[in-house]
2 protein chains.
Amino acid sequence: MNLRELSKLLGLSQTTVSRALNNYPEVSEVTRKRVKDAARRHAYAPNRWAKGLATGRPNAIAHVVPVDSTHEMVNPVFADFISGAIEVYTSHGYEMILSLIRAGDGPRIYRDLAARHSVGGLIVHAPMRDDTRLAMLDEIGTPYVVHGRISGARRPYNWIDMDNRRAYRRAAEELIGLGHERIALINGRAGMDFAVRREEGMREALAAAGLPVDRALIAGDEMTEQFGYEAAMRMLEARRPPTAFIISSLVSAIGTRRACEALGLKPGRDISIISHDDDLSYFRHDGAQPYFTSVRSPIREHGTQAALMLLRAIETPQEAPLQTLIEAELIPGRSTAPPPKSSPPEPPAPNLAS
Amino acid sequence: MNLRELSKLLGLSQTTVSRALNNYPEVSEVTRKRVKDAARRHAYAPNRWAKGLATGRPNAIAHVVPVDSTHEMVNPVFADFISGAIEVYTSHGYEMILSLIRAGDGPRIYRDLAARHSVGGLIVHAPMRDDTRLAMLDEIGTPYVVHGRISGARRPYNWIDMDNRRAYRRAAEELIGLGHERIALINGRAGMDFAVRREEGMREALAAAGLPVDRALIAGDEMTEQFGYEAAMRMLEARRPPTAFIISSLVSAIGTRRACEALGLKPGRDISIISHDDDLSYFRHDGAQPYFTSVRSPIREHGTQAALMLLRAIETPQEAPLQTLIEAELIPGRSTAPPPKSSPPEPPAPNLAS
DNA sequence: TTGAAAGCGGTACCAT
DNA sequence: ATGGTACCGCTTTCAA
């Protein structure tokens, strides 16, 4: 069923039917009702292509996600984020297009997206410290919002991000306040902008307390359970192990916790672990105290926000870039864990038999 | 830059330029090269709307995800799945549209999707035991592939699914083989088709071994850490606690493990926990043995498969439905845990002081 | 308040 | 091998 058929059926012109359906004021109410009823009855739905072609207005937002073989960004955080964004798009008549790009893809992809004329704006995911994508995007002129920030950016741009630096400063401060001096950081992949900021935050706290930075206590990689395990194991088995961990992801924290347990270190007693949920709320993995991963992380909310920002940028060309900084919520654990007395507990001596 | 401008520029007709770009054989090689070079130089990209309108061929696949307030299906499994699917779409010239629908949305959504003419097929996510969506879809006639199965379906349909029933039967059999008689199931949300099958699988094993089914040992809900904790806590504190758990998700298993620890039960010694990763590979949460959540779960592969199935269904109308059953891989743990001696360990007596 | 007709940017048929 | 032209289905002037 298309517009012409529908109009024939009603004995009206396409024009009138179109106007009635699109709520143009000049259509009489009785006609409009007749048209809308008929449209519903015959399950008429406009052809998006024709509509797009005629109006020239974009009807989709693309989420651009970089992927390479080692680095899989379609992760839980991302899922939450887009689920929030989608809702906004739907209620505004946009579709959401998911677009994976490879590291080597270059500007062509973005140009193509823009040239299609169906994409009105982009959300840029997983920015790196020096992301070259901004230059391409600015050149092309499609509105975009970055989920995260790009430290090396030359010009202002639209972004929504959490205050990673402050959050990690506070996490470190809390541990320092408990007496810890050897604090390890299990971070995200080096080069990712959020990881850079998190490390900076921790360094700030250490510097303010006059504590040295031990590079051996900083590790960064894709945030998997395995990475959390191996990085922690390596650090704990070294000569000068940490007494506390700050961990960039819930998943890695599971691995780290396992490593501690494997070495007989009880989190909350022999070792302190501050992890953060995807929303950067802190909590302790101390086993005894049930503290749960939030099901609906605020990340979803961020997706909603980002989408709204983008639609605003599309519909009303902004002079100043839109920027949203989200403060992390601090959820203190009930049990505190100062560093173990004098010498840190020895890991169980390996290979006693040999 | 559009086709007409490009053709003017080249002194050719639109027809020829179009043919050159779309690799029609009748264009001379020299012309084709000239056209393609010019297209690249001027960053020409065809308008998807015009192209779609002219060809009538769909250029997008929609992934339809049910959402309601209590039930958030945009989860890690889903993310992995679509990341696999997207790759297929991209290489076949399709876009991927994400479409969230609410439980009450009814057939209109599907009809609209189909009527748009830009959507060539659907992937249906998170099917329920008696999912009413199939009827709508069949009526509308758009090709679709279900990720999962629908037990109550009247007619054959395309699906890709794991063999949940067999996997859970085997899990229970393994525990029964160790001597367990009180096996608890922490399952997914009641009504979800996969949860139905998982429970059936466990019941089959119990029945085959002549063991009774204790309904108090079966719980099902959204698979969060909190649910895993609370369900396990409830069961363990009851008069006749289980000696083993089978858990439907990695995340819930974390909660269950915490509950056990809180009650002083060491997994692998006092209690047996078989969880499964998203790929249904089994493993034990026994603390001592590092076993990792797979980063790139096979689910991604399933997404790829589903996408390929759908494209096949779109491009060549099938007589028989396409159906892919994926067998779960069984990864045995190194340490086994028979049920504790005679009487199960008493949970610590609460409120001794009162 | 309604209608006729000219696009929007491609594709594909029919000529040449 | 190339070109002319009639569509595809909708919106939007312009006229009535």
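Here is the naming used below: chain letters follow the sequence lines, and residue numbers restart at 1 for every chain.
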Using the side-chain contact (heavy atoms from CB on, under 4.5 Å) definition, which of the options A/I314, A/T304, A/V145 pairs with A/M309? A/V145
A/E29 CD - C/dT2 C1' separation (whole Å): 15 Å
Using a heavy-atom cut-off of 4.0 Å across all strands, would you classify B/S28 as base, sugar-phosphate, or nothing? sugar-phosphate
In residues 33-54 of chain B, which ones come under 4.0 Å of DNA chain D, going by heavy atoms? B/L53, B/A54
Return the value, rounded to whole Å, for the distance between atom CZ of B/R4 and atom P of D/dG3. 16 Å
If you check the B/L12 side chain, which of C/dG3, D/dT2, C/dG10 turns out closest? D/dT2
What about B/F81 and B/H302, are their ring centers closer than 6.0 Å? no
Centroid-to-centroid, B/H63 to B/Y89, below 6.0 Å? yes
B/R57 near the nucleic acid: base, sugar-phosphate alone, or nothing, with a heavy-atom cut-off under 4.0 Å? sugar-phosphate
Should A/S13 be listed as having a side-chain N or O under 4.0 Å from OP1 or OP2 of C/dG3? yes
Atom pair distance, as rounded to whole Å: CG in B/L10 and P in D/dG3: 10 Å
Checking contacts here: which listed nucleotide (D/dG9, C/dG3, C/dT11) is nearest the side-chain heavy atoms of A/N2? D/dG9
Can you tell me whether the side chain of A/T15 and the base of C/dA4 have a donor-acceptor pair closer than 3.5 Å? yes
Spacing of B/L3 atom CG relative to D/dT2 atom C1', expressed in whole Å: 14 Å
Atom CG of B/L6 to atom P of C/dG9: distance rounded to whole Å? 14 Å
Rounded to the nearest 0.5 Å, how far apart are CD of B/E139 and OH of B/Y110? 13.0 Å
From CD of B/Q14 across to P of D/dT2 the rounded distance in Å is 16 Å
With DNA chain D as reference, determine whether B/G11 or A/M1 sits nearer its 5' end, using the nearest nucleotide of each. B/G11
Checking only heavy atoms, does the side chain of B/T31 share a donor-acceptor pair with the base of D/dA1 at less than 3.5 Å? no
Electrostatic pair A/R149-A/D161, nearest N-O below 4.0 angstrom: yes
Quick one: label A/T55 by what it contacts on the DNA or RNA (base, sugar-phosphate, nothing), any heavy atom closer than 4.0 Å. sugar-phosphate
Taking only side-chain nitrogens and oxygens of A/Y24, does any of them come within less than 4.0 Å of OP1 or OP2 of D/dT11? no
If you draw a 6.0 Å radius around CZ in A/R32, do more than 12 non-hydrogen atoms from other residues or ligands fall strictly inside? yes
Rounded to the Å, how far apart are B/N22 CG and C/dG10 C1'? 9 Å
Roughly how many Å is it from CG in B/N23 to C1' in C/dA12, rounded to a whole number? 16 Å
Taking atom types as modelled, is there a side-chain donor on B/S118 or A/R48 under 3.5 Å from an acceptor on the other? no
Could you tell me whether B/K33 and B/D37 make a salt bridge, using a distance below 4.0 angstrom between a side-chain N and a carboxylate O? yes
